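The chains referred to below are lettered A, B, ... by the order of the sequence lines, with proteins before strands, and numbering in each begins at 1. All values reported here derive from a predicted model rather than from experimental measurement. Note that these values count all heavy atoms, side chains included, but never hydrogens, waters or copies made by symmetry.
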Amino acid sequence: MSKTPSKTPQAIRGTQDIFGAEAEAFAFVVETFERVRKLYRFRRVEMPVFERTEVFSRAIGETTDVVSKEMYSFEDRGGESLTLRPEFTAGMARAYITNGWQQHAPVKLATHGPLFRYERPQKGRYRQFHQLDAEIIGAGEPQADVELLAMADQLLRELGISGVTLQLNTLGDADSRDAWRAALVAYFREVRGELSEDSQERLDKNPLRILDSKDARDRRFVADAPRIDQFLSDEALRFFESVTSGLDAAGVKWARAESLVRGLDYYRHTAFEFVPDEGSAAAAALGSQSTILGGGRYDGLMESLGGPPTSAVGWAAGIERLAMLLDPTSPSRFVDMRQNRAFKADLAALELVPSAREDERVTAQLANLLRRLDISVVTTFSGKPQRRFEKARDHGHARSVGSFGRRGDKFELYLVNRTLDDPDFEALSNRLQQNGEFKFEACSVRRTHSGVAAHVWTVS
RNA sequence: GCGAUCGUAGCUCAGUUGGUUAGAGCGCCGGUUUGUGGUACCGGAGGUCGCGGGUUCGAACCCCGUCGAUCGCCCCA
């Protein structure tokens with residue numbers, strides 16, 4: 001920003017330009033999600049990025065922070081109030097109703113993309129951020145909750161994320177939740193004056209939230225506060241037990257979190273979050289943002305949008321937060337390049353440089369041939385010819401570096417490996433000899449004085 | 001909305017209690033050297049010290065304002 005000319009517009013606060021290793025990590029999260037979602041046969045949907053404002057205000061609840069102060073709302077030219085989606089669920093519920101997706105019920109849906117919330121940015125939190133999202137709509141059985149959570153658990157495992165546990169709670173059905181809420185209000189009202197300022201406000205707006213206050217003034221009362229279990233109807237209790245036993249059967253580890261309440265009004269029964277364990281590397285990587293994946297059952301939501309009673313469960317996960325938890329030292333996915341960490345996926349197989357200026361055109365030709373043979377190639381034509389090779393070797397972006405050019409009346413491809421994992425030169429050699437454009441003679445291996453193997457093909 | 005810290009070259013940062021033409025490493029460009037496991041040598045370009053005002057003989061440095069960034073509170077993915 002410092003010396004950007006004043007004419008250049010600045011990026012919007014809280015937006016990100018993601019590049020390099022971070023972009024690779026982001027893509028890896030999305031690709032893994034796509035793979036896992038197919039294993040569970042969740043169907044891909046594409047959703048609009050904006051909706052009528054009432055879709056969110058009615059579904060999420062007027063009093064929530066999201067609706068009351070975090071939405072990007074604006075009037076379009078027709079005077080309609082529109083809002084950039086702050087979450088996926090409300091829009092998916094609207095789509096379910098307006099498109100008659102009931103005919104497919106129960107439907108398992110998956111999507112991902114950008115969401116917008118007007119908040120102060122900090123670590124792991126942005127104004128435009130990105131989520132993965134999975135929903136099962138039209139299924140009221142606890143098995144749906146179990147399957148949804150099993151998918152989340154598998155996703156985290158396939159991403160190689162550890163030190164994170166599933167925190168699980170039930171909010172009961174509507175009656176249980178209301179009774180519990182009334183009891184909490186009565187309990188905390190007694191000691192209102194001794195609560196933190198924030199919690200005094202929460203008492204009116206969102207009393208359940210007092211339970212996970214970090215303020216010591218609140219915590220001493222939280223311990224003895226009424227618990228949801230005392231208010232659970234038989235049916236609600238049975239539902240929760242089916243979910244937990246199903247998770248055990250599926251091998252999904254979980255921990256009961258009695259004070260876990262989700263921020264949005266529509267949750268019923270199951271509520272859950274995947275949270276880093278205290279003191280873990282994951283917790284350190286995330287800063288003060290703890291939840292990486294959260295969701296629950298939202299049986300009342302459809303009705304609030306004027307649809308038929310429909311039960312549903314879903315979760316959303318922050319792509320940026322998941323990406324921060326990927327292990328950059330994991331040898332299976334990353335390679336260490338000096339101080340810069342780059343994903344292997346970000347490295348081309350081969351960097352090709354012409355040995356002299358007059359060899360530039362044949363080199364480009366060879367690069368194209370190699371790409372048709374499914375070998376990723378980057379070329380370097382800038383800078384001094386003699387120094388290109390050296391530069392590519394020392395600072396390049398490929399696993400191997402090759403120099404190509406005239407050698408007498410023939411050409412020569414001189415290839416050296418830069419990374420510790422040697423490519424399959426024999427296979428490469430076979431592939432090279434199969435093409436029709438260049439005639440590759442057999443590969444020979446030369447040892448340099450330092451003992452490094454250089455692979456050389458004579459080409460005519 | 002509140003609080004803390006920070007803005008010096010493309011990047012990461014030095015810059016001594018305020019004192020001549022503001023420095024380094026990396027990167028970039030050029031020259032020399034060399035075909036090679038991440039470290040060859042020499043040279044060069046590049047900075048309104050975020051911006052505006054104030055204090056001072058003199059400000060990158062002190063003061064005020066402003067914009068931006070980072071981290072935290074609230075809340076959330």
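- Protein atom CD of A:Glu197 is 20 Å distant from nucleotide atom P of B:rG1, rounded to whole Å.
- The base-pairing partner of B:rC62, taking Watson-Crick or G-U wobble contacts with both distances under 3.5 Å, is B:rG54.
- Rounded to whole Å, the P atom of B:rG23 lies 25 Å from the corresponding atom of B:rC6.
- The side chain of A:Gln122 places an N or O atom within less than 4.0 Å of a non-bridging phosphate oxygen (OP1 or OP2) of B:rG72.
- Taking a pair to require two hydrogen-bonding distances under 3.5 Å in either a Watson-Crick or a G-U wobble arrangement, B:rG43 pairs with B:rC29.
- For B:rG35, the base adopts the syn conformation, since its glycosidic angle falls within 90 degrees of zero.
- Rounded to whole angstrom, the span from the CZ atom of A:Phe19 across to the P atom of B:rG10 amounts to 17 Å.
- In this structure, A:Phe389 forms no aromatic stack with the base of B:rG35, since the conditions of centre separation below 5.5 Å and plane angle below 30° are not both met.
- A sub-4.0 Å separation between OP1 or OP2 of B:rA77 and a side-chain N or O of A:Thr291 is absent.
- The aromatic rings of A:Phe50 and A:Phe74 sit parallel to each other, their planes meeting at less than 30°, with 60° as the upper class boundary.
- At B:rC74, none of the side-chain N or O atoms of A:Arg120 fall inside 4.0 Å of OP1 or OP2 (strictly under the cut-off).
- Spacing of C1' atoms, B:rG38 relative to B:rG47, comes out at 32 Å, to the nearest Å.
- For the C1' atoms, the distance from B:rG15 to B:rU20 is 15 Å, rounded to whole Å.
- No contact: A:Phe88 has no heavy atom under 4.0 Å from any strand.
- Between B:rA45 and B:rC64, the two C1' atoms lie 38 Å apart (nearest whole Å).
- Proximity of the aromatic rings of A:His112 and A:Phe88 is defined here by a centroid distance below 6.0 angstrom, and this criterion is not met.
- For the pair A:Gln10 CD and B:rC51 C1', the interatomic distance rounds to 11 Å; values are reported in whole Å.
- Here, B:rC62 and B:rU70 have their C1' atoms 25 Å apart, quoted to the whole Å.
- Per the geometry, CZ belonging to A:Arg117 stands 14 Å off C1' belonging to B:rC74, to the nearest Å.
- For the pair A:Ser355 and B:rG35, the criterion of a side-chain N or O lying under 4.0 Å from OP1 or OP2 is not met.
- Relative orientation of the A:Phe411 and A:Phe404 rings is parallel, given thresholds of 30° and 60° on the angle between their planes.
- Atom CZ of A:Arg192 sits in a crowded spot, with more than 12 heavy atoms from other residues, nucleotides or ligands closer than 6.0 Å.
- Taking a 6.0 Å sphere around OH of A:Tyr40, one finds it holds more than 12 heavy atoms contributed by other residues, nucleotides or ligands.
- Going from the C1' atom of B:rA59 to that of B:rG27 covers 31 Å, rounded to whole Å.
- Going from the P atom of B:rG50 to that of B:rA22 covers 15 Å, rounded to whole Å.
- When the C1' atom is used for both B:rG52 and B:rG7, the distance is 15 Å, rounded to whole Å.
- No hydrogens or angles considered: nothing links the side chains of A:Glu158 and A:Thr32 as a donor-acceptor pair under 3.5 Å.
- Base pairing annotation: B:rA69 forms a Watson-Crick or G-U wobble pair with B:rU5, both donor-acceptor distances under 3.5 Å.
- With a cut-off of 3.5 Å on both pairing distances, the Watson-Crick or G-U wobble partner of B:rA24 is B:rU12.
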